[in-house]
Number of protein chains: 2
Amino acid sequence: MATISDVAARAGVSTATVSRALNGKSTVDRDLVARVRKAAVELGYQPNGPARNLRRQEAAVVALIISDVENPFFTAIARGVEDVAHEVGYSVVLCNSDESAEKENRYIDIAIQERVAGVILSPSGTTTSVAKLATRGTAYVAVDRPLPGHDSDVVLVDTRLAARQATAHLVAQGYDRIGCITGPSGVRTADDRLAGYRDALRSAKRRTPKLVRRTEYKAAGAHRAALDLLSQAEPPDALLIANSAMAVGVLQALQELEIRPGRDVGLVAFDDAPWAELVDPPLSVVAQPAYEIGAVAARLLLARIADSSRPPTTTTLGARLLERASSRGPEDRR
Amino acid sequence: MATISDVAARAGVSTATVSRALNGKSTVDRDLVARVRKAAVELGYQPNGPARNLRRQEAAVVALIISDVENPFFTAIARGVEDVAHEVGYSVVLCNSDESAEKENRYIDIAIQERVAGVILSPSGTTTSVAKLATRGTAYVAVDRPLPGHDSDVVLVDTRLAARQATAHLVAQGYDRIGCITGPSGVRTADDRLAGYRDALRSAKRRTPKLVRRTEYKAAGAHRAALDLLSQAEPPDALLIANSAMAVGVLQALQELEIRPGRDVGLVAFDDAPWAELVDPPLSVVAQPAYEIGAVAARLLLARIADSSRPPTTTTLGARLLERASSRGPEDRR
DNA sequence: GTGAAAGCGCTAACAC
DNA sequence: GTGTTAGCGCTTTCAC
């Protein structure tokens, strides 16, 4: 594979000139630039990334570590990050931590080893592996979930408020026994959504013992949770569901139990999945600004790469409740 | 940041011994290994990736370039690739080419520059940027779509046969005017699905002029195509749809036109999305073995990295038609 | 404006 | 089994 020396030889200049001509940093004579470019093309020269990064002590790459590649919420974040990063010449590599602290830790190590310029991550939980980034001075920003005990840039959604509003909406629609299926304890978004749910019920002076289930943020867990909740002596007549994968599990459970969503049980789920309007009845959702989360996070990261001394910021974006037919009120009340 | 020399100094050995102890290549005295490990931990030593890769002339990384991060088919492939690659100590970086030949080309350049061990990609089309990989001797394998004119490892699905079977199923169910909404011309899967559709109609001696639409592999395009097809004087009474994002667009269009899926128009779509059983009526689909595609591709890539002289292979996996209510036959026939 | 040369941190001959 | 050392390909002083 052609090296910078090959190009230099072919263009009849030194390697320093080739480097300068190709990177456009220092000024180089017009003719020489042309000659170097020509030689580079002829040889099919591609700069050696590791050599460049070794020398520069940093790669123009940002790592994006997300908890679930199969969750549209996170892939939308990825697009936001990519669009902003590409504009300024950074590449984005996506890593899937799969909600596992161990994989997250592994990817953080890799990011450090590869000397990426920065890391954006949705932290799996109470892990401290992020401390390594801070220690080494690698720029990073957290999305979706804060880092407990770390004073870093973070981009969040006011998910507690959103959960509260969604639950209040269910109350206003006349549902009486409102349940909640949320993610694992310790995962901040899961805790916040539960807290918002409780806020709303408290305001409405409702008591709802035994109507909360916590499970992994996946369809299978929510499916079990829904079966469990709905086969109780006093089942819920409405459910707040903490993400769209879980909504799939709940809808499956309802199908199996022949309980009609929106008629027998009111439903509001987090995340506006593309299919939410296609189920019968259309699913009410809390739409989160995922793309924007990614875009904002990328901008913050770039700012921090440029100036590591900026004070850390917390950006909180709002979510929107989209009321559709699955939360139109219990049948006997319509 | 601590370097290998720092570790060597602290452990009272040479850098070579540190390298050997940490990589476990050559045999090193037990005590020394322990001392080196201890020193490394105490210093929080993380090897410098670029330096290592520069020296080794290759990184233990495989790049996975997929056409659409938001398509569950491709993210499932990603999981297959990751699981296999991680088992043998390779990292996977995901790159989203977004169906754009230009981005694909850009990521291929980056992969070459970073000297990754190999590349797995779903080629956007008739691009020749892959030739660079071949020229440089970087291992690569194509998934989902073959590389025209390149004799490489490739993992495909027999999508033409699957389309044929799906269409034959619609014929058997009594649909009369079967249409097809497929991807852009030149994208092999789109062409193959159309060809399979035509195979089936030919066998059944049907004529179906004007019932084919081609558009980007996205909801919006399919939405327009469906509106167009269904507002014709003689609209189709069934549709074969080439992927799940498109199915979303078609179902939206049916909703707007108040045409009942499965009753007024029979439907079969490619890709078994998690929500396919949740729409009303449940959507018949062609389930592709996405995870397995990724796993097989990763194994082929590893084999090629190990031995670049192996003859290229083509692996073709089968798809499964899942008959659900959306293709149960026209209403007047039930 | 251009070239010579040092050196980023690591691994792998090679010598002992 | 361990140390010495060359060198991977690039960028960047430092001279001129």
Side-chain angles (χ1 to χ4, degrees), chain A residues 1-37 39-40 43-61 89 109-110 112-117 136-138, chain B residues 1-37 39-40 43-61 89 109-110 112-117 136-138:
Chain A
M1 203 169 306
T3 72
I4 199 171
S5 313
D6 300 331
V7 178
R10 188 167 241 265
V13 297
S14 73
T15 59
T17 300
V18 174
S19 176
R20 288 191 274 249
L22 259 25
N23 294 313
K25 294 285 177 188
S26 170
T27 68
V28 180
D29 190 88
R30 294 190 145 282
D31 297 0
L32 283 193
V33 173
R35 242 160 68 202
V36 169
R37 286 240 175 84
L43 292 169
Y45 171 69
Q46 293 270 22
N48 182 313
R52 160 181 287 177
N53 297 335
L54 172 58
R55 179 62 229 228
R56 289 208 183 139
Q57 298 286 48
E58 181 170 291
V61 171
D109 279 349
I110 292 175
I112 292 171
Q113 288 171 17
E114 297 303 323
R115 307 302 197 255
V116 301
R136 294 201 153 54
T138 302
Chain B
M1 206 169 304
T3 73
I4 199 170
S5 312
D6 299 331
V7 178
R10 187 168 242 261
V13 297
S14 73
T15 60
T17 300
V18 174
S19 176
R20 288 192 276 251
L22 259 25
N23 294 311
K25 294 285 177 188
S26 171
T27 67
V28 180
D29 188 88
R30 294 188 145 282
D31 297 0
L32 283 192
V33 173
R35 243 160 68 201
V36 169
R37 287 240 176 83
L43 292 169
Y45 172 69
Q46 291 272 22
N48 182 311
R52 163 181 284 176
N53 297 335
L54 172 58
R55 179 63 231 227
R56 291 209 184 136
Q57 298 285 52
E58 183 169 288
V61 171
D109 280 348
I110 292 175
I112 292 171
Q113 287 172 16
E114 296 304 322
R115 307 304 197 253
V116 301
R136 294 200 155 55
T138 301

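Model, not experiment: these values are computed from the prediction. Sequence lines set the chain letters: A, B, ... in the order given, protein chains first and strands last, and positions in each chain run from 1.
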Engineer: What range of DNA chain C does chain B touch, first nucleotide to last, counting atoms under 4.0 Å from its heavy atoms?
Structural biologist: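 Counting from the 5' end, contacts occupy C:dG9 to C:dA13.
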Engineer: Just jot down the side-chain hydrogen bond (donor to acceptor under 3.5 Å, both in side chains) partners of A:Gln46, sequence neighbours excluded, or say none.
Structural biologist: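 Here the qualifying residues are B:Asp109, B:Gln113.
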Engineer: Testing the basics here: between A:Val18 and A:Val13, what is the closest heavy-atom pair and its distance to 0.1 Å?
Structural biologist: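 Smallest interatomic distance, heavy atoms only, reads CG2-CG2, 3.8 Å.
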Engineer: Mind checking the OG1-CD1 spacing from B:Thr138 to B:Ile112? Nearest 0.5 Å is all I need.
Structural biologist: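 Atom-to-atom, B:Thr138:OG1 and B:Ile112:CD1 are 5.5 Å apart.
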Engineer: Throw together a table of side-chain donor-acceptor distances under 3.5 angstrom for residues 49-57 of chain A, partners on residues two or more places apart or in other chains.
Structural biologist:
residue: A:Arg52; atom: NH2; partner: A:Asn23; partner atom: OD1; Å: 3.2
residue: A:Asn53; atom: ND2; partner: A:Gly49; partner atom: O; Å: 3.3
residue: A:Asn53; atom: ND2; partner: B:Glu114; partner atom: OE1; Å: 3.4

Engineer: With sequence neighbours left out, which residue pairs that include part of residues 2-19 of chain A fulfil the salt bridge (charged side-chain N to carboxylate O under 4.0 Å, His left out) condition?
Structural biologist: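 Only A:Arg10-A:Glu42 qualify under salt bridge (charged side-chain N to carboxylate O under 4.0 Å, His left out).
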Engineer: With sequence neighbours left out, write down each residue that passes side-chain hydrogen bond (donor to acceptor under 3.5 Å, both in side chains) with B:Thr17, or none if nothing qualifies.
Structural biologist: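 B:Thr17 satisfies side-chain hydrogen bond (donor to acceptor under 3.5 Å, both in side chains) with B:Ser14 only.
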Engineer: When every nucleotide of nucleotides 8-16 of chain D is labelled 5' to 3' by its protein contacts under 4.0 Å (heavy atoms), B for base, S for sugar-phosphate only, - for none, what sequence of letters results?
Structural biologist: BBBBBB---
Engineer: Rounded to 10°, tell me the angle between the two end axes of the helix from C:dG1-D:dC16 to C:dC16-D:dG1, each built from five pairs.
Structural biologist: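 Computed angle between terminal axes is 30°.
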Engineer: Considering only heavy atoms, which members of residues 26-36 of chain A lie under 4.0 Å from some atom of DNA chain C?
Structural biologist: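 DNA chain C contact set from residues 26-36 of chain A: A:Thr27, A:Val28, A:Asp29, A:Leu32.
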Engineer: Going by atom type alone, with no hydrogens or angles, which donor-acceptor pairs under 3.5 Å involve a side-chain atom of residues 25-37 of chain A and a protein atom two or more places apart or on another chain?
Structural biologist:
residue: A:Asp29; atom: OD2; partner: A:Asp31; partner atom: N; Å: 3.1
residue: A:Arg35; atom: NE; partner: A:Ala11; partner atom: O; Å: 3.1
residue: A:Arg35; atom: NH2; partner: A:Ala11; partner atom: O; Å: 2.9

Engineer: Do you know which two heavy atoms are closest between B:Thr3 and B:Tyr45, and how far apart they sit?
Structural biologist: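 So the two residues come closest at C-CE1, 3.6 Å.
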Engineer: Work out which heavy atom in B:Thr15 is nearest to a heavy atom in B:Ala8; give both atom names and the distance.
Structural biologist: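 Taking every non-hydrogen atom into account, N-CB, 3.7 Å.
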